[in-house]
Number of protein chains: 2
Amino acid sequence: MKNRTRIAAAFTLFAVAGAAMAQQALKPEEMIKFRKAGYSFMAWNMGKIKAQVVDAPQSYNKEQVLAAARLIAATANSGMGALYGPGTDKDVAGEKTRVKPEFFQQPEEVKKVAMAFNKEANELARVAESGDVAAIKGAFGKVGESCKACHDKFRKD
Amino acid sequence: MKNRTRIAAAFTLFAVAGAAMAQQALKPEEMIKFRKAGYSFMAWNMGKIKAQVVDAPQSYNKEQVLAAARLIAATANSGMGALYGPGTDKDVAGEKTRVKPEFFQQPEEVKKVAMAFNKEANELARVAESGDVAAIKGAFGKVGESCKACHDKFRKD
């Protein structure tokens, strides 16, 4: 992915909620449900990569790790910022969220962590094509750090 | 994606649960949670494509539709069959599932619908690169049909 495209994708990721409204009229609880689903499914794919390049490299399977890395990159590129619209800053209609109020008060900081995640996720997908387990492990670690940077700042618990 | 790769991916998709166990020791409730998350996040992305190529083509944005199509293809390629392991045929530990018992009794039929979905999802991602809205609409319709074929056979409600 070219740098310009990557940066554009990162901006799209945290585009104002108004853009999302033009696409789909989602209720706040639907936005929360979908974003949690995205993170959850990504977590499964992170777990698969961890198992094969960190915990048990002898089980490494290039196609499986590449597929997992592509899922993570596709999620990072999917414009999840649209799922942080008005009314999604707290639990609503039975959908719980762990997002902190700071997320909605610090758009510049959110953009920074989002762009970092987007960059590392796309880099991991690129490196996963090589089949170089050590390089994949390094890129995977950077994705994990970019996840953690956002969790530490903007997620409760 | 080459045909061989695609077929291999479809087989991986519904690989025996044993393969998943070698990767990660997931509890049945975790498998159910992750697979539901995958379908849910895909549904959001299907909705985005529907909004831009079916409901309001004047709002079509090539990059957004391509990103959504790639997320759907990446999900199809992610080996979700591993999330249908032992103990995931019914609600467990608070995780509800709508899967029918038939899913676990008809592996050949499951493989057939899974491969059809995998084929159409990857085709949609390919066609989305063209920017041809009519063609994308056609490919999108086929993905929807392949989703429905599985829901009709293997999902309750």
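In what follows, chains carry the letters A, B, and so on, assigned in the order in which the sequence lines appear, proteins first and then strands, with residues in each chain numbered from 1. Only this structure's heavy atoms are used, side chains among them; waters, hydrogens and symmetry mates stay out.
- Remark: the backbone N or O of B:S78 is paired with a side-chain donor or acceptor of A:K48 at under 3.5 angstrom.
- A single hydrophobic cluster is seen to contain both B:F103 and B:L83, as judged by linkage of ILVMFWY side chains at heavy-atom distances under 4.5 Å, directly or through other members.
- Atom-to-atom distance recorded for B:S40:OG and A:R35:CZ is 13.0 Å, nearest 0.5 angstrom.
- At most 12 heavy atoms of other shown residues, nucleotides or ligands fall within 6.0 angstrom of atom NZ in A:K96.
- Linking ILVMFWY side-chain heavy atoms closer than 4.5 Å, directly or via other members, places B:F117 and B:Y84 in a single hydrophobic cluster.
- Closest approach of B:F34 to A:A43, counting heavy atoms only: CE2-CB, 4.3 Å.
- Hydrophobic clustering (side-chain heavy atoms under 4.5 Å, transitive across Ile, Leu, Val, Met, Phe, Trp, Tyr) keeps A:M80 apart from A:V92.
- In plain terms, the two heavy atoms of A:G79 and B:W44 that are nearest each other are O-CH2, 3.5 Å.
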